[in-house]
Amino acid sequence: MPQHYILLFCILTAAIVIGGDLDHEREERLTSSVAPTLRQWVSVLVDCPGVEEAYTYGVPAGWTVAAGDIVEVPFGRQQLRGIILQVLSDLPEAVAAEQVRPLMAVVGTSFLPVGYWGLLEQVAAYYCTPLIQVVRTALPPGVLGRSQRRLRLRTSAIPPLSAGAQQVLRLLQRSATGDYSLRYVAQHVPRSQRGIAELVRLGVVEVYWAAPPQAQAQWQQAVVLLRCDGADLSDRQRQILDYLRQQPQECWLQDLLQATGSSPATIQRLAARGYVAIVERQRCRLDQGIAVPADQPQGLTLAQQSALAAILASLGRAQEFLLHGVTGSGKTEVYLQAIAACLEQGRSALLLVPEIGLTPQLADRVRARFGDRVVVYHSGLSDGERYDTWRLTLLAEPRVVVGTRSAMLLPLAGLGLIVLDEEHDSGYKQDQPQPCYHARTVARWRSQQDQCPLILGSATPALSTWQGAQAGHITYLSLPQRIHAVPLPPITIVDMREELRRGNRTMFSRLLQNALERLPQQQAQAILFIQRRGHSTFVSCRSCGSAIDCPHCSVSLTVHLHDEYTQVLRCHYCNYSQGVPQRCPVCGSPYLKPFGSGTQRVVAELNRLFPDLRVLRFDSDTTQRKGAHRQLLEAFAAGKADVMVGTQMLTKGIDLPHVAVVGILAADGLLHLPDYQAAERTFQILTQVAGRSGRGHLPGQVILQTYVPNHPVIGAVKAYAWQEFAQQELASREPLGYPPHRQLILLRLSSKDGDRVAATAAMVAEQLAALPPMQTGDWQVLGPAPAAIAKIAERYRWQILLKGRFGTLASLSPHLLTLKEQCPREVRLSIDVDPLNFL
Ligand code: ADP
Ligand code: ZN
Ligand code: ZN
């Protein structure tokens with residue numbers, strides 16, 4: 001937009017903001033110069049809490065605007081900032097021309113990298129989510145709010161002024177730059193509005209917009225050691241000085257207080273006596289983690305060399321790799337060396353992990369290699385940290401961003417490499433709210449757009465990735481051995497039915513009990529794994545291990561309370577239901593029971609049977625505090641406990657060299673989750689848990705307890721037979737049309753009104769069934785059915801599953817987008833494309 005337009009508009013804006021008495025004049029200018037010339041419209045995401053929809057505004061003639069520009073718009077009686085979502089050449093039908101107001105100013109243009117907006121549009125279209133919601137997810141809070149309205153002097157020729165105008169003028173003249181924010185002026189001159197309006201009208205001052213500032217540094221106090229000798233020191237003071245002496249550099253005051261447990265007054269006394277100085281230092285609000293010593297690239301094994309060579313040859317092109325190797329096979333070393341090459345070419349790299357709290361060690365390793373070129377981005381950051389990191393990634397300087405799935409939506413300029421570590425992990429998928437995006441899917445789009453390679457790393461790839469590698473869309477790279485050829489720990493299967501028969505009614509098999517008893521004399525540690533707490537939802541037979549499955553969907557039936565007294569078993573894919581049988585339909589045993597036991601029960605039982613063992617609990621209860629994961633893992637690594645009992649979270653995390661025994665208490669809980677991916681998940685999790693043992697000098701041992709020792713998944717895990725398992729699982733999904741053979745979409749409906757949500761689900765399913773893509777047979781409707789967890793937080797939950805041919809989603813998604821409007825207000829509908837979570 002030409003400069004003078006901005007000026008005109010800023011003045012206009014100022015007039016509107018400032019004086020009610022200028023309304024008349026504004027009216028005139030608007031009608032004379034702007035209103036009749038609206039030829040173009042924009043939809044704007046207005047930065048106002050609670051505003052869910054986009055609003056339409058007119059673009060004054062001669063202005064050039066683009067999606068992604070930050071603008072100023074009238075909103076009711078307020079002026080608000082917003083971001084342009086879309087430029088429209090026609091006025092939307094629902095909007096009346098007279099109601100459309102023009103944009104007031106463009107505050108910031110083209111600050112997003114080329115192609116970034118297209119990426120957000122792609123996410124919106126594929127995941128059937130309004131663009132406005134995608135934009136809200138991608139932009140950190142406060143991006144729109146940061147630009148500032150300021151006032152500055154334009155001339156030194158001052159005409160006669162009213163007293164109020166003179167006051168404002170004098171204030172501005174006192175500023176070295178002749179410039180203040182409007183807010184500052186308002187604070188210092190009472191009723192400044194009239195004075196400002198007068199000055200603007202006379203051309204003495206102008207109102208302008210300052211673009212959002214760069215990452216704002218924070219100032220913080222640091223302590224510098226000046227001398228540490230002195231006879232007049234107390235023990236406490238000496239301790240503080242000693243601590244400071246051991247630090248490589250000066251220390252933040254806050255950290256010092258925490259580390260030494262001293263009070264600010266003590267430090268101030270030391271400062272007063274010349275031992276230390278307290279200084280102000282800038283601190284950029286980035287999550288820098290703890291300091292780590294620098295480290296050097298390793299000489300690579302042959303397998304690592306050939307994997308790296310393939311990746312390096314693809315820099316500058318969109319190519320996708322599967323880097324397949326067990327834990328400890330040296331995948332991370334390959335990522336790090338590929339990232340180094342990418343940085344050398346002046347491009348940035350994105351390294352994604354499923355959950356940052358669970359993998360502190362990886363972030364540390366990246367920092368050790370690349371120092372302050374590393375930035376960390378995840379949803380656990382404070383708003384300020386997120387904002388600063390986000391701004392930083394807009395700069396062209398090459399960086400390594402380590403982050404969780406939300407980092408996939410960063411507007412990173414000059415992206416040269418994307419890595420997804422543990423690519424099979426469901427943490428990469430957002431369940432709610434919409435957009436329910438998968439970081440891997442978005443990574444593929446980005447790799448195409450930015451012409452850069454994408455590395456998917458895993459010991460147990462997702463079956464869809466595996467299929468891609470088999471079909472040749474994905475280049476397969478393998479690291480077949482652990483570094484130094486450390487063997488994988490042998491896995492022993494224990495038949496818990498047999499234990500029951502022999503009268504062992506505890507949850508620990510005799511083999512596991514023996515192993516636990518021997519821990520102290522071996523100076524070793526053990527990890528006991530149980531399936532994530534709180535899902536005692538399926539029924540299984542303790543005598544033969546059978547679980548009861550849906551005859552149509554081959555997923556486990558889940559227990560629902562029909563009324564206060566009666567339980568029913570129900571399939572939450574297709575809604576088939578039956579009563580709970582008295583006896584096992586396979587073997588007739590009466591030991592047919594809901595399954596599951598929590599971490600707390602296991603700890604209690606351990607304490608009873610082995611009072612001498614020190615036990616730590618590691619689950620979502622004990623790791624809620626920030627940094628608790630790391631603390632617990634470090635305490636355990638330091639030998640502060642003999643046994644750690646935990647859930648899924650134990651599968652990742654830091655190296656634990658003293659763990660010799662891994663006990664898997666009940667593998668069945670995973671196998672019988674009401675989910676078509678149960679076998680795949682089980683294989684992945686059990687293999688990862690097994691990999692926790694035998695990483696140091698002690699030989700590892702894995703004891704896997706189950707009621708179904710002959711289950712093919714259990715056999716495959718025992719043999720570390722990934723390929724055979726994948727082959728078989730892919731084949732078994734084919735007849736039922738589960739992914740990756742066909743595509744799924746899950747519609748979740750919820751409401752506090754149980755009848756209402758059931759009726760709405762039925763209505764929606766009926767409408768869906770009538771759509772053309774269903775008529776042609778490309779897509780199919782399953783359900784509606786109550787969700788496996790039928791009620792959460794007083795809301796009743798139902799779901800509808802859609803199954804369809806890959807590549808035909810575009811024929812269906814426009815219909816899905818309109819479904820929401822047909823639901824009553826009290827029923828929430830969310831659309832999950834490629835769902836992973838069915839509970
Ligand atoms: P993964 O990511 O597959 O679990 P890592 O890259 O973490 O494997 O490697 C496992 C361990 O082996 C790490 O301690 C790493 O420093 C070390 N390592 C990796 N590559 C080599 C190598 N070529 N030579 C020696 N040690 C290596
Ligand atoms: Zn049975
Ligand atoms: Zn079913």
Side-chain angles (χ1 to χ4, degrees), residues 460 463 490-512 528-533 535-551 553-559 569 571 580-581 583-597 602 647-648 651 662-690 702-722 724-729 731-733 736 738 788:
T460 50
L463 282 178
I491 300 175
T492 311
I493 312 282
V494 177
D495 184 346
M496 290 306 277
R497 299 169 305 183
E498 190 58 31
E499 295 288 318
L500 183 67
R501 249 170 258 142
R502 301 232 176 163
N504 176 6
R505 289 175 179 271
T506 73
M507 52 180 95
F508 312 108
S509 60
R510 287 157 301 149
L511 186 68
L512 183 55
L528 296 187
F529 171 82
I530 62 168
Q531 183 229 342
R532 191 187 298 137
R533 53 173 205 148
H535 297 306
S536 56
T537 52
F538 71 96
V539 170
S540 80
C541 169
R542 296 296 192 272
S543 302
C544 80
S546 312
I548 302 183
D549 282 352
C550 171
C553 304
S554 97
V555 299
S556 304
L557 296 174
T558 51
V559 183
L569 295 175
C571 169
V580 183
R583 290 179 170 269
C584 170
V586 177
C587 74
S589 154
Y591 292 106
L592 196 66
K593 285 189 188 146
F595 201 86
S597 56
V602 176
T647 53
Q648 249 85 323
T651 53
V662 165
I664 296 164
L665 290 190
D668 307 42
L670 290 164
L671 275 174
H672 301 312
L673 279 182
D675 181 338
Y676 77 89
Q677 309 152 100
E680 180 181 359
R681 293 264 173 82
T682 306
F683 191 97
Q684 288 163 343
I685 290 170
L686 294 185
T687 306
Q688 266 177 335
V689 179
V702 180
I703 298 167
L704 198 168
Q705 304 187 161
T706 175
Y707 292 90
V708 282
N710 298 324
H711 195 290
V713 176
I714 301 290
V717 169
K718 176 180 163 63
Y720 291 101
W722 164 253
E724 291 77 358
F725 165 74
Q727 228 57 42
Q728 197 180 8
E729 179 66 15
S732 75
R733 285 187 196 177
L736 289 162
Y738 288 132

For a quick test of reading the model, state the closest non-hydrogen atom pair linking [X] to [Y] and the distance between them.
X    : Y    : answer
F683 : V713 : N-CG1, 4.1 Å
A679 : E729 : CB-OE1, 3.6 Å
M496 : T506 : CE-O, 4.2 Å
R733 : Y676 : NH1-CE1, 3.6 Å
V494 : E499 : CG1-OE2, 3.9 Å

Value rounded to 0.5 Å, distance of [atom1] in [X] from [atom2] in [Y]:
X    : Y    : atom1 : atom2 : result
C544 : N710 : SG    : CG    : 11.5 Å
D549 : L557 : CG    : CG    : 6.5 Å
C584 : Y591 : SG    : OH    : 13.5 Å
T460 : Q688 : OG1   : CD    : 5.5 Å
L463 : Q727 : CG    : CD    : 9.5 Å

Item to check | Test log, rule side chain to side chain contact (heavy atoms under 4.5 Å, CB included), inputs I714 and L671 | outcome: CA-CA 9 Å; I714 301 290; L671 275 174; 4.1 Å; yes
pair [X]-[Y]: side-chain heavy atoms closer than 4.5 Å:
X    : Y    : value
L569 : P581 : yes
T706 : H711 : no
M507 : V602 : yes
R497 : P709 : yes
I685 : F529 : yes

Item to check | Steps toward side chain to side chain contact (heavy atoms under 4.5 Å, CB included) verdict (R510, R502) | outcome: CA-CA 10 Å; R510 287 157 301 149; R502 301 232 176 163; 3.5 Å; yes
Item to check | Other residues, nucleotides, ligands: >12 heavy atoms within 6.0 Å of Y720 OH | outcome: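 Yes.
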Checklist entry - Out of V689, L512, I703, which one pairs with L528 under the side chain to side chain contact (heavy atoms under 4.5 Å, CB included) rule? => result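 Of the listed options, the one satisfying the test is L512.
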Checklist entry - Which of these passes side chain to side chain contact (heavy atoms under 4.5 Å, CB included) with Y707: D668, L500, D495? => result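 Filter result, single survivor: D668.
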